[in-house]
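Here the structure is laid out as structure tokens; the discussion comes afterwards.
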Amino acid sequence: MTLLLELAFAHIRGRARQTLVAGLGVALGVGFSIAMAALMQGSQDDFVRQLVDSMPHVEITDELRAPAPQPADAAYDAVAYSGLRTSEDLRGILNPTAVMAALEAWVPGTVAPGLRSRALARNAGREAGISILGVEPDREVRVSSVAGDFVFGSFAELAAGGNNVVVGDGLGTLLGAQYGDTIELVASTGQVRSFRISGVFHTGVTARDEGEVYLSLTNAQILAGRPDAVNDIRIRLDDPAAAPGVALRAEALIGYKAVSWQEANEAILEALNVRNVIMYTVVAAILLVAGFGIFNIVSTITFEKSRDIAILKSLGFASADMRRLFLVEGLFIGALGSVLGWAVGYGLCLALGFIRIDIPELGDATSLPLTWSVWHYAISSALAITSAAVAGYLPARRAAALNPVDIIRGAT
Amino acid sequence: MTALIEARNLVRTLPATVPVTLVRDVSLSVEPGEFVALTGPSGSGKSSLLYLLGLLDRPTSGSLSIAGHETGDLDERDRSRLRLSTIGFVFQFHFLLPEFTVRENIEIPMRRLGRLSRPAMRRRAGELLESLGLAGQFDKRPDQLSGGQRQRVAVARALANDPPLILADEPTGSLDSKNSLQVFDILRGLSRDEGKTIVAVTHDLDLAARMDRKLDLVDGRLVADTATAGVAVT
């Protein structure tokens, strides 16, 4: 084998410039693939991280996946109900204390109960429709991403007792109210109560900053007129990736609909997958083009060296040796290009890292999200070497099939 | 002693719309140590027959046995192997690999066979070159040598694996008379002193007359098989 390697290197040395050009073609392909993968993966990771951070990993609501069948429905095929309506809406998770205890027993993370209701916020003649979330402050801190977004105050203020409310800065602007002011909340039952703004947060998501309000769970229950009710249990896991399993188990255990963040964002995650497919298609196309360069050079060598092929065969080399020889040459160019490509890719990533995106509205300048992964290097190299193998194999096969007699005769 | 080459009814036809027959029904047997000339006019099929004997080409029909191996049943790999260990080729042109030094060129068949250790290969290459009057040229590349020197290197390469059979296709065809004689003497010596069997295609009837035996081909057919003087030129 070392003999074949020496022969291959001799051929490549004789075509150093072309080899370098073909290698550079591969290197650029590999380099750009790596940079593109780092950027794609980086932006995807960044996006998913924000997605995961901004919402509970598993959310259990007081809904059922399928409405409970009516007894008559289940008993008789001929019976069908439509437009069925209960006389009074008594929604909420039944027996929340027991449910909470059951979940906390095994969930690897934090579980927080809450009551979600719609209401109206009012101040100085201005009104805004809002969504109230009643929370247990000490648990909420560990579950919600909002805990880290406070401009004034914190969830702890809600625990202190009294009529305190936490609002987004957007809502404050809408209502013309500031930290420390008192606003009125009007429940859907018609009940009106006053609350002092004891905390202001800014998440950057307008819908939340303008439309989300936090009360203590007790206050929320009183305002909604539903004492002891809980209709929203949020779980934050130590490992977000475990969410689908936890959701499945929770749903099987307590019967209510449990939605993991993956399920809630299925469409987005699917779009990300499509994006990845597009990326790898482009990468494969780039490396295919690079493969043509290799094909070209190995082809040239096999034509140029057909006399050597004939003589090696006459000396006692087999066709398989010739095939191996030129395959090795193609692979060598592919490997050379890969290694150069790693450097190119690394350099491009460094360069991209220096780019600052400065949008004044968003405040701080951010750099491009880049994810460094050894897989990007491995995958693009693997594609490059595969392409090189194919590009080398085609001319190698031709070289192996050469009949030495034809060439020796041609020379005389 | 068994024959080194035993050919029976060899036929080689090129498949075409009008098939061309290069070798017609040739049977011959060559004993070890013989120095045989293959002669005939251009296109008489002497080179074609040589390539058949050298396993570079396969006969359309007929059987061929080389050094006791029936070659008809061998696959490409085994034929290559047999060629590597048993047959050395010398062509009209030297066909040395231009990227390698003289010594490396000679080591290539030895390394492919892998019978010797690397230092032993090196030693043997040196000895072969010295015996062919090429001492001091070991590390030159083929293009730094004269035509006669290159052809002698080609002979050394053919001898690398110490094969019993040397096949030569117009080995002196591209050399001037002085170098021709030198190469011829080397072949003569190999046959006489080392017992090599040599089959050489030549159109030079003077040279042919100085070999042991002369085979005449006309139109692909073996028409004459004569014992000749076998006198060395000195």
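In what follows, every chain begins at residue 1, and chains take the letters A, B, ... in the order their sequences are listed. Just so you know, these numbers come straight off a predicted model, no measurement behind them.
Considering CZ of B:Arg77 and CG of A:Asp321, their distance stands at 7.5 Å, rounded to 0.5 Å. In this structure, CG on B:Leu96 lies 8.5 Å from CZ on A:Arg307, to the nearest 0.5 angstrom.
Other residues, nucleotides and ligands place more than 12 heavy atoms under 6.0 Å from the CZ atom of A:Arg398. Heavy atoms from other residues, nucleotides or ligands lying under 6.0 Å from CZ of A:Phe32 number 12 at most. Counting heavy-atom neighbours within 6.0 Å of B:Phe138 CZ, excluding the residue itself, gives a total above 12. Counting non-hydrogen atoms of other residues, nucleotides and ligands closer than 6.0 Å to CD of A:Glu266 gives a total of 12 or fewer.
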Check step by step if side chain to side chain contact (heavy atoms under 4.5 Å, CB included) holds for A:Ser314 and B:Phe91. CA-CA 10 Å; A:Ser314 79; B:Phe91 298 101; 3.5 Å; yes

Please report the C-alpha distance between A:Thr2 and B:Arg111 in whole Å, then the side-chain angles of each, then the deciding distance to 0.1 Å, and finally whether the side chain to side chain contact (heavy atoms under 4.5 Å, CB included) criterion is met. CA-CA 9 Å; A:Thr2 52; B:Arg111 293 178 63 185; 3.5 Å; yes

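In this structure, the side chains of B:Pro109 and A:Phe317 stay at 4.5 Å or more apart for every pair of heavy atoms. Put simply, the side chain of A:Ile408 reaches to within 4.5 Å of the side chain of B:Tyr51, judged on heavy atoms. Residues A:Ile311 and B:Phe89 are not in side-chain contact: their nearest non-hydrogen atoms beyond the backbone lie 4.5 Å or more apart. Between B:Glu99 and A:Glu6 the shortest side-chain heavy-atom distance does not fall below 4.5 Å.
Residue B:Leu56 comes nearest to A:Pro404 through the heavy atom pair CD2-CG, 3.9 Å, listed as atom of the first residue, atom of the second, then distance. The minimum heavy-atom distance linking B:Ser80 with A:Ala318 is given by the pair OG-CA, 3.3 Å. Taking every heavy atom of both residues into account, A:Asp308 and B:Pro98 meet most closely at OD2-CD, 4.0 Å.
Each of B:Arg83, B:Arg112, B:Arg157 was compared with A:Leu315 under the side chain to side chain contact (heavy atoms under 4.5 Å, CB included) criterion, and only B:Arg157 meets it.
For residues 116-126 of chain B, a heavy-atom distance under 4.5 Å to chain A picks out no residue at all.
Looking at A:Leu312, only its side chain comes within 4.5 Å of chain B, counting heavy atoms on both sides. Proximity to chain A (any heavy atom under 4.5 Å) is shown, for B:Ser85, by neither the backbone nor the side chain.
Options B:Asp57, B:Leu113, B:Ile108 differ in how many heavy-atom pairs under 4.5 Å they form with chain A, and the most are formed by B:Ile108.
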